[in-house]
Amino acid sequence: MSKTFNAQRLDVAAFADAKAVLSGTESLQKYERLAQELQAPAPDLTLDWQATGGARKAANGSVYPSIHLQVQATLPLTCQRCLTEADIPLYVDRSFRFVADEVTAEQEDDDSDEDLLAMSREFNLMELIEDELLMEVPVVPRHEECPVPVKLESSDADFEQANEQKENPFAVLQSLNVGKSAD
């Protein structure tokens, strides 16, 4: 008999012991924080994910439950060079080792090659997926090669013309001084 696991309330120890696999294709709209990064909301955008339970050995030889997570998605973000939409592919391929509690995770974090998380009987795998994708979003998204010419000027012609039409404030002061010296 196989046990059914719920990604939003995952019993990590049981999932790892069973070496179970969960996977899915989800709408990006289900992930509110991730959807805020998109250039425009699109209900047809999806992400694919897979989580595999297992066990990992720590440096001290102890065996702990683990989850290997793989996620892929393509997000329509705003290119910071040309300000048009750029489809940015994101990939997550990471293993997580689960330890007894947050204190243990914090203590062992510096000596561990993998990411450490606190054990839970109601772990929300969907939140982990969203967190990992958010960390993969580039700080400055941009095309490899922009599809439109990029304007590399700091000001435009209208701005320059307006500056030329302005009277120089020192010229006004100079005209005041010229009038006084004639007295």
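Starting from 1, each residue takes its place in the sequence as its number. Just so you know, these numbers use all the heavy atoms, side chains as well, and skip hydrogens, waters and symmetry mates. Since the structure is predicted, the reported quantities are computational estimates derived from the model, not experimental observations.
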Atom pairs and distances, side-chain donor-acceptor, residues 63-84, under 3.5 Å, sequence neighbours left out:
| residue | atom | partner | partner atom | Å |
| --- | --- | --- | --- | --- |
| S66 | OG | G54 | O | 3.4 |
| H68 | ND1 | S95 | OG | 2.7 |
| H68 | NE2 | D93 | OD1 | 2.5 |
| Q80 | NE2 | T78 | O | 2.9 |

For a quick test of your reading: what N or O donor-acceptor pairs under 3.5 Å do the side chains of residues 42-52 make, sequence neighbours left out?
| residue | atom | partner | partner atom | Å |
| --- | --- | --- | --- | --- |
| D48 | OD1 | T25 | OG1 | 2.6 |

Calculate, to the nearest 0.5 Å, the distance between atoms CG and CG belonging to N6 and D11 respectively. 11.0 Å

Partners passing ring-ring contact (aromatic ring centres under 6.0 Å, His included) against F96 (at least two apart in sequence or in another chain): none

Shortest non-hydrogen contact between R9 and E122, atoms and distance: NH2-OE2, 2.5 Å

Side chain proximity check, R33 to E130, heavy atoms < 4.5 angstrom: yes

What residue pairs, at least two apart or across chains, pass salt bridge (Lys or Arg N to Asp or Glu O under 4.0 Å) with a residue in residues 134-146? R94-E136

Between L117 and L128, is any pair of side-chain heavy atoms under 4.5 Å apart? yes

Is L34 linked to Y91 within one hydrophobic cluster, defined over Ile, Leu, Val, Met, Phe, Trp and Tyr using a side-chain heavy-atom separation of less than 4.5 Å? no

Show which residues join V21 in its hydrophobic cluster (side-chain heavy-atom contacts under 4.5 Å, direct or indirect), or state none. none

Interatomic distance, CG@L116 vs CZ@R56, rounded to 0.5 Å, equals 10.0 Å

Strictly under 6.0 Å, is that where the ring centroids of F15 and F123 end up? no

Pair E37, L28 - check side chain to side chain contact (heavy atoms under 4.5 Å, CB included), show working. CA-CA 11 Å; E37 297 291 323; L28 284 175; over 6 Å; no

Identify the heavy atoms of F5 and A20 that sit nearest to each other, and give their distance. CE1-CB, 3.5 Å

Hydrophobic cluster of V140, others only, ordered by chain and residue number, side-chain cut-off 4.5 Å: V139

ILVMFWY cluster, I88 and V137 together (side-chain gap under 4.5 Å): yes

